[in-house]
Amino acid sequence: MEGVTAPSNETVYRAPETTITKEYYMDTYGLWSLFPTLIVLIMAIVTRRTIESLMTGALVGMLMIDPTSVVTQASDTLLTVLGNDTVTWIILVCGLFGSLIALLVRTGGVLAFGDVMTRRIHGRRQGLLTTWVLGLAIFVDDYLNALAISASMKKITDRFKVSREMLAYIVDSTAAPICILVPFSTWAVFFAGLLEENDVTGSGMGLYIESIPYMFYAWIAAAVVPLVAMGWIPAIGPMKKAELRASGGQVMPDGAEENALEVEDEGQRRPHLLNFLLPIASLIFFTWYFDIDILRGVIVALAVTLVLIFSQRLMSFHTTFDTALEGFKSMLMPLGTLVAGFTLKEVNDGLGLTEYVIQTLQPLMTAQLLPAVSFVTMAFLAFATGSFWGLFAVAMPIVLPLASSVNAEMPLVIGALISASAFGSHACFYGDSTVLSAQGSGCTPMAHALTQLPYALIAAFLATLVFLAAGYL
């Protein structure tokens, strides 16, 4: 999008060219447009296999569109997804992040950080609260949050027998929910650009900042985390089982594997803590310096790391680049999940899912109900489609004029829309933030998604009540 840095979540996708009109989609599919997503959710819960569930749902959708051209549809859709500049951008960001973390692990930088933090952290609650505070501090980008903090903290939380699912929940809850509350993040830049393109009154960033107090889901989701960390909100559902398993010594869930992002303490000599802090500081600073572009930030951080490695002779030339390659390869599974999620989104676009849901609920959108209905509707769509940015490029031109026509409070409606986007990123089984938080924390995406979902739903329910009250007040 013009004037907006390449997004850290997804692009504003456009459906492939077709001669079938939206009216045809609406008349032909209607309620059935929900069917592929329902298949995905059921299959994911039953099998706990994410990629297979997503591709099955995409295949079902293609059969619904045209059962005689499934192979053509599949190849064209995959080419559309993989040929998209932002998908390429995501692959590079995640792969290079994997390389950076692997190098910091192999040189002992992460262990040096762990040594310092361990001397200051003396219990489970302190470990979880420290993870939460670090998430609040590193607000520039949710990818940076999900990968850097989880990789840095997991051996510390392991010491206190915290399940990797709990760590992933803490990390993920300070990714998108925090990023939308800060006007200097990738999310803020993107959504401010969308508001500009939709000709809202005043500047897009000004209206975004005005809407921050009304982003109720983000505020509530962030506030729930310390309550869970302190034990004031107990572990519930799948999280309770994960914590019981961890208390017995098994912090990683079944099916999770050690990879290049895991820290193994082999008794090696620790480098100076600066060897960890300088690359991370470079990552944060240059991400901000390059107009909140984390790809450029991670490239600079990698360069700084290589200089530190070679100047101190921490590793040989061949070992350094073999480690970097292993780190890149460790991200292939989450990247496969993201590509499968984008594929399902393209199929859902073809079925007219977003248009069907919005137009079905449009009669409910009065001035009083509009914020709550917008939040619930768009949160459902973001969760179901795995689309947290592109979906809102479709929704804003529909919802914002409607808000203006019924004299709804515009910052409140915008806060509801962006809250819905944060919920989708936070809760979706195959969303990028969910997948990367799981990968960085050392658990499977499904284990993380299922243990996190009850807390996300609690925050969403409370946010809905607040949006209803705010709409009538």
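Rounded to the nearest 0.5 Å, atoms OG (Ser282) and CD1 (Ile299) are 13.5 Å apart. Separating the CG atom in Leu417 from the OG1 atom in Thr377 is a distance of 10.0 Å, to the nearest 0.5 Å. Atom CD1 of Ile414 sits about 11.0 Å away from atom OG of Ser374, to the nearest 0.5 Å. We find the CZ-CZ distance between Phe290 and Phe285 to be 9.0 Å, quoted to the nearest 0.5 Å. In this structure, CE on Met64 lies 7.0 Å from OG on Ser33, to the nearest 0.5 angstrom. For the atom pair Leu59 CG and Leu54 CG, the distance stands at 12.5 Å (nearest 0.5 Å).
Within the 4.5 Å cutoff, no side-chain heavy atoms of Lys240 are placed close to those of Pro234. Taking the side chain as every heavy atom from C-beta outward, Phe423 and Leu457 approach each other to under 4.5 Å. Within the 4.5 Å cutoff, no side-chain heavy atoms of Val251 are placed close to those of Thr157. Between Leu450 and Phe429 the shortest side-chain heavy-atom distance falls below 4.5 Å. Side-chain contact check for Ile39 versus Thr56: some heavy-atom pair is nearer than 4.5 Å. Side chains of Leu453 and Phe383 form a contact here, defined as non-hydrogen atoms less than 4.5 Å apart. Side-chain contact between Leu38 and Ile42: present, with at least one pair of heavy atoms (C-beta onward) separated by less than 4.5 Å. Here the side chains of Ser173 and Gln452 are in contact, with some heavy-atom distance below 4.5 Å.
In this structure, the side chain to side chain contact (heavy atoms under 4.5 Å, CB included) partners of Ala420, at least two apart in sequence or on a different chain, are Phe375, Met378, Ala379, Phe392. Residues satisfying the side chain to side chain contact (heavy atoms under 4.5 Å, CB included) test with Ile233, not counting sequence neighbours, are Val224, Leu227, Val228, Tyr455.
The main-chain N or O of Asp66 is found under 3.5 Å from a side-chain atom of Gln73 such that the two form a donor-acceptor pair. Proximity of a side-chain donor or acceptor of Arg296 to a complementary backbone N or O of Phe286 within less than 3.5 Å is not detected. Judged by distance alone, the side chain of Trp32 and the main-chain N or O of Leu351 form no donor-acceptor pair under 3.5 Å. Of the possible donor and acceptor atoms, one in the side chain of Thr174 sits under 3.5 Å from a partner among the backbone N and O of Val171. Judged by distance alone, the side chain of Thr451 and the main-chain N or O of His448 form a donor-acceptor pair under 3.5 Å. No side-chain donor-acceptor contact under 3.5 Å links Arg164 to the backbone of Met252. A donor-acceptor pair under 3.5 Å links the side-chain atoms of Thr131 to the main chain of Gly127, judged by distance alone.
In terms of heavy atoms, Leu181 sits closest to Met215 at CD2-CB, 4.0 Å. In terms of heavy atoms, Pro226 sits closest to Ala222 at CD-O, 3.2 Å. Here the shortest heavy-atom pairing between Val162 and Leu167 reads CG1-N, 4.3 Å. Annotation for Ala229 and Arg125: closest pair O-CG, 3.6 Å, computed over non-hydrogen atoms. Heavy atoms only, all atoms of each residue included: Arg124 and Met166 are closest at NH2-CE, 4.0 Å. Nearest heavy atoms, Leu370 versus Ala408: CD2-CB, 3.8 Å.
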Passes side chain to side chain contact (heavy atoms under 4.5 Å, CB included), Leu283 versus Val300? Steps please.
-> CA-CA 7 Å; Leu283 176 64; Val300 174; over 6 Å; no

Kindly determine whether Ile212 and Trp219 satisfy side chain to side chain contact (heavy atoms under 4.5 Å, CB included), including the steps that lead there.
-> CA-CA 9 Å; Ile212 288 175; Trp219 290 111; 4.0 Å; yes

Between His426 and Thr434, does a side-chain hydrogen bond (donor to acceptor under 3.5 Å, both in side chains) hold up when you go through it step by step?
-> CA-CA 6 Å; His426 190 199; Thr434 300; over 6 Å; no

Can Tyr217 and Ile180 be said to form a side chain to side chain contact (heavy atoms under 4.5 Å, CB included), step by step?
-> CA-CA 10 Å; Tyr217 175 79; Ile180 70 169; over 6 Å; no

Verdict with reasoning, Glu346 to Thr77, per side-chain hydrogen bond (donor to acceptor under 3.5 Å, both in side chains) = CA-CA 7 Å; Glu346 290 289 331; Thr77 302; over 6 Å; no

Test Ile458 against Ile236 for side chain to side chain contact (heavy atoms under 4.5 Å, CB included), laying out the working first.
-> CA-CA 11 Å; Ile458 289 171; Ile236 54 178; 3.9 Å; yes

Going through the distances and angles, do Glu165 and Arg245 end up as a salt bridge (charged side-chain N to carboxylate O under 4.0 Å, His left out)?
-> CA-CA 11 Å; Glu165 292 96 323; Arg245 184 202 68 234; 2.8 Å; yes

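The aromatic rings of Phe216 and Tyr214 sit perpendicular, their planes meeting at an angle over 60°, well past the 30° parallel limit.
For the side chain to side chain donor-acceptor pair (under 3.5 Å) condition, no pair includes a residue of residues 407-419, sequence neighbours left out.
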